[in-house]
Amino acid sequence: MKFDTPDFSKPPVLALVIPCYNESEALPITAPVLFGILDRLAASGQIDGASYILCIDDGSRDNTWQVIGELHARDPRLKGITLAHNRGHQFALLAGLMEVIDRCDAAISLDADLQDDPEAIAGMIEEYHKGKEVVFGVRSSRQTDTRFKRNTAHAFYSFQKMMGLETVYDHADYRLMSNRALKVLAEYGETNIFLRGIVPQIGFDTAVVKYERNPRVAGESKYPLSKMLSLSIDGITSFSARPMRWIFFIGMLSFAATLIVTVYVLISNFFLHRANAGWTSIMLSIWGLGSLILMSIGIVGEYIGKIFAEVKHRPRFTVKDTVW
């Protein structure tokens with residue numbers, strides 16, 4: 001499907017799309033900072049004065065939705081939608097992007113905690129005016145992370161690449177997308193959402209803006225190691241069949257080893273007469289092959305689960321209420 005090329009010469013109506021889960025402490029700090037950036041960019045003619053912020057309440061357990069309503073009452077440029085129940089960061093972000101698709105020329109997604117430096121927004125807009133339709137915010141370093149977080153993050157990126165998943169290194173979900181890129185994103189109808197894998201496939205001209213990651217302005221991190229691992233598995237199984245191909249090759253190697261062992265056993269038994277009880281080798285074989293079988297079933301089951309979710313065609317999210 002063909003969509004109209006954006007007019008990069010005019011100031012775009014910019015939507016800042018912010019998924020929120022239990023961010024009642026952070027939003028009152030975040031909103032004024034982002035309003036200041038919008039005002040500055042509008043004053044310099046880089047964006048349209050009608051630019052705004054959209055917060056998506058992802059079924060928060062605190063009073064995040066109430067805070068969004070209060071911030072909207074103070075400044076209508078802050079809009080809000082709330083989902084009927086918690087769907088997770090990727091679905092909340094997608095819900096926000098689809099909400100603004102007909103109400104902006106470009107959208108920038110970022111988190112409510114301001115860890116992704118909001119000053120990089122100006123750099124993204126600059127790249128947009130150069131004709132870039134997807135601009136990735138990429139961390140310039142991970143010096144602010146703990147050694148454990150830094151090593152596990154790099155391990156995840158390396159593992160994803162090894163498994164055939166193409167993502168932008170050190171990029172999370174801080175990015176600019178033009179209206180045309182958003183419309184292409186809307187064409188991706190899968191239930192299993194991994195935007196970090198989908199967006200690089202959209203195409204068009206892209207750019208990278210680097211930034212330093214800041215500490216959270218308030219609240220606690222919503223992405224512990226368990227969620228990072230789960231997101232990585234979702235991404236790999238949604239975009240690559242390589243793990244199942246590896247199962248096949250491991251099976252071929254196991255079969256080759258079995259043939260070698262069979263020849264050795266037959267020669268030892270019928271020609272060399274050196275047959276032993278072999279308790280150790282039998283036990284190791286049982287446990288080793290049993291573990292491989294269980295792991296293989298688990299990997300195949302992960303893919304079957306993805307197929308199961310896709311074929312039901314259930315709604316990916318449900319918007320409960322809006323303030324606009």
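Note that the structure is predicted; figures quoted are calculated from it, not measured.
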**Study point:** Criterion salt bridge (Lys or Arg N to Asp or Glu O under 4.0 Å) on R213 and D117, from CA distance to verdict
**Key:** CA-CA 6 Å; R213 193 164 171 85; D117 186 5; over 6 Å; no
Heavy-atom distance under 4.5 Å between the side chains of [X] and [Y], does that happen here?
{"X": "H171", "Y": "V138", "answer": "yes"}
{"X": "L176", "Y": "V209", "answer": "no"}
{"X": "L97", "Y": "L93", "answer": "yes"}
{"X": "L34", "Y": "I121", "answer": "yes"}
{"X": "D105", "Y": "D48", "answer": "no"}
{"X": "P12", "Y": "H129", "answer": "yes"}
{"X": "V13", "Y": "Y52", "answer": "yes"}

Listed pairs under 3.5 Å, donor-acceptor, residues 81-88 side chains, sequence neighbours left out:
unit_1 : atom_1 : unit_2 : atom_2 : d
T82    : OG1    : D57    : OD2    : 3.0
N86    : ND2    : D58    : O      : 2.9
N86    : ND2    : D58    : OD2    : 2.9
R87    : NE     : R316   : O      : 2.8
R87    : NH2    : R316   : O      : 3.0

Exercise for review: Identify the residue among L71, L38, T30, L110 that makes a side-chain contact (heavy atoms from CB on, under 4.5 Å) with I53.
Suggested key: L38
Revision key, fill the gap. The complete set of side chain to side chain donor-acceptor pair (under 3.5 Å) pairs with one or both residues in residues 35-44, sequence neighbours excluded, reads D39-R77, R40-E119, S44-Q46
**Study point:** Nearest non-hydrogen partners of T64 and D62, listed with the distance
**Key:** OG1-OD1, 2.6 Å
Revision key, fill the gap. Side chain to side chain contact (heavy atoms under 4.5 Å, CB included) filter on P200, not counting sequence neighbours, yields F136, V168
